[in-house]
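Every number for a ligand or one of its atoms is a count from 1 in the order of the listing. Side chains are part of it too, since the values below use all heavy atoms of this structure and drop only hydrogens, waters and symmetry mates.
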Amino acid sequence: MSKHALITGITGQDGAYLAKFLLEKGYEVFGLMPRRSTPTTWRLEYLDVLDKVRLLDGDLTDIASIIRALIACKPDEVYNLGAQSFVATSWKQPLLTADATGMGALNVLEAIRQICPEARFYQASTSEMFGLVQEPIQSETTPFYPRSPYGVSKLFAHWMTINYRESFNIFGCSGILFNHESPLRGIEFVTRKVTDAVARIKLGVQKELALGNIDAKRDWGFSGDYVEAMWLMLQQEKPDTYVVATGRTTTVRDMCKIAFDHVGLNYEDFVRIDPKFYRPAEVELLLGNPTKAEKNLGWKAKTSLEQLITMMVDADLERVKKELR
Ligand code: NDP
Ligand code: GDR
């Protein structure tokens, strides 16, 4: 009998990679699908898994729809990846972010408690919870200090996961994942914004690239590597919290250099600073210590930042060429 997994946020970057990963492991994969007026399944199509997953109508802000999805899917594992995940938007729509990203996780936990308390639960927590970092390298024991409505909402969901683990014996794991990217990253996030611009500039259809704080430092890995860590957490004997990161930090500026260098251009000739992309409160530095995940899960990031960024530039070059044909 194959295992059943329910993924919220299946149409997002990680949802698509996780769906493919679980299908390859022989799972029957279900996805919670919020109603949108235009199609959102392009990532599942890109990875060639759309016709292999079962999409169930539902929204994280509507607990009745989550309950229906759990009854239909009878999951062994539930991965809560759904969220309003763009930090900058969280200041513009703080209540929506709290609803979907914070309360949404509690809705899933509460529905599991009532419908299928044996199901294992993964919560997509984030390095944004460290925010104004209290230690130069962040691990599972570093105190939190979120800096955005998104970070605060995720911290609520993180503690709810631990609380349901301790109160109701739910097998709830929290993965504190540092930034991870891929050719399927949303265009509003800085890596993809850069790699798309590099492709357009190289092909002569864009002149410059406007960015905000390029001195911010991030610990960037590849989404395809990180979904394996999510799965590994749910295969352990006991539920726990894990940092998932590469252990290397790089400025946005140096990430730009890697991207432009790949097509033989100098980033300084094209990047312009526009204060409109500054945030009301910035997270200046993120650098994760993945030792616990490496030791307990046997997980390690496989893809270097150079490999990741060149993979993304190459994919964007292909996309833009196709658009122009
Ligand atoms: P994406 O933004 O690519 O995907 C988010 C998904 O959530 C989309 O499928 C989106 O659907 C869905 N969603 C949004 N609102 C709702 C809702 N109300 N009900 C149901 N589904 C909803 O994020 P990623 O794939 O990059 O990230 C996955 C998760 O991991 C997120 O929770 C994110 O916050 C977290 N995370 C991500 C990191 C990263 O670097 N990528 C790092 C750490 C944590 P639609 O597109 O239709 O709105
Ligand atoms: P982040 O990712 O906020 O870390 O959240 P993002 O790529 O948006 O920003 C990274 C850093 O780059 C700086 N920056 C810009 N960012 C964007 N988007 N656009 C710009 O033009 C720009 N210029 C500079 C930002 O200020 C920031 O410092 C991501 C999301 O996936 C979250 O959901 C996840 O939880 C965290 O990563 C870990």
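Under 4.0 Å from ligand 2, the heavy atoms of R185 that appear belong solely to its side chain. Under 4.0 Å from ligand 2, the heavy atoms of F86 that appear belong solely to its side chain.
Protein residues with any heavy atom under 4.0 Å from ligand 1: G9, T11, G12, Q13, D14, P34, R36, T40, D59, L60, L81, G82, A83, S85, A100, A124, S125, T126, Y150, K154, L177, F178, N179, H180, R185.
Close approach of ligand 2 to V87 is summarised as follows: ligand atoms under 4.0 Å from at least one heavy atom of the residue are 3 (O), 5 (O). Using a 4.0 Å cut-off to heavy atoms of S127, the atoms of ligand 2 that qualify are 38 (C). Interface atoms of ligand 2 facing Y150, defined by a heavy-atom separation under 4.0 Å, are 32 (C), 33 (O), 34 (C), 35 (O). Those atoms of ligand 2 with a heavy atom of V252 less than 4.0 angstrom away are 12 (O). Interface atoms of ligand 2 facing A216, defined by a heavy-atom separation under 4.0 Å, are 28 (O). Shown in contact with S85 at under 4.0 Å from a heavy atom are these atoms of ligand 2, numbered in order with element: 30 (C), 32 (C), 33 (O).
Note that K257 lies outside the cation-pi zone of Y267, set by a 6.0 Å cut-off to the ring centre and a 45° limit from the axis.
From the protein, the heavy atom lying nearest to atom 7 (O) of ligand 2 is V190 N, 2.8 Å. In terms of protein heavy atoms, atom 9 (O) of ligand 2 is closest to R279 NH2, 3.6 Å. Atom 23 (N) of ligand 2 has as its closest protein heavy atom G212 N, 2.8 Å. If you check which protein heavy atom lies closest to atom 20 (C) of ligand 2, you get K193 NZ, 3.7 Å. Nearest protein heavy-atom contact of atom 37 (O) of ligand 2 is N179 ND2, 3.0 Å.
F21 pairs by the ring-ring contact (aromatic ring centres under 6.0 Å, His included) definition with W231, not counting sequence neighbours.
For residues 160-169, every residue pair satisfying the side chain to side chain donor-acceptor pair (under 3.5 Å) rule, not counting sequence neighbours, is listed here: E110-Y164, N163-S167, R165-T241. A side chain to side chain donor-acceptor pair (under 3.5 Å) check over residues 30-41, counting only residues at least two apart or in different chains, returns the pairs T41-E45.
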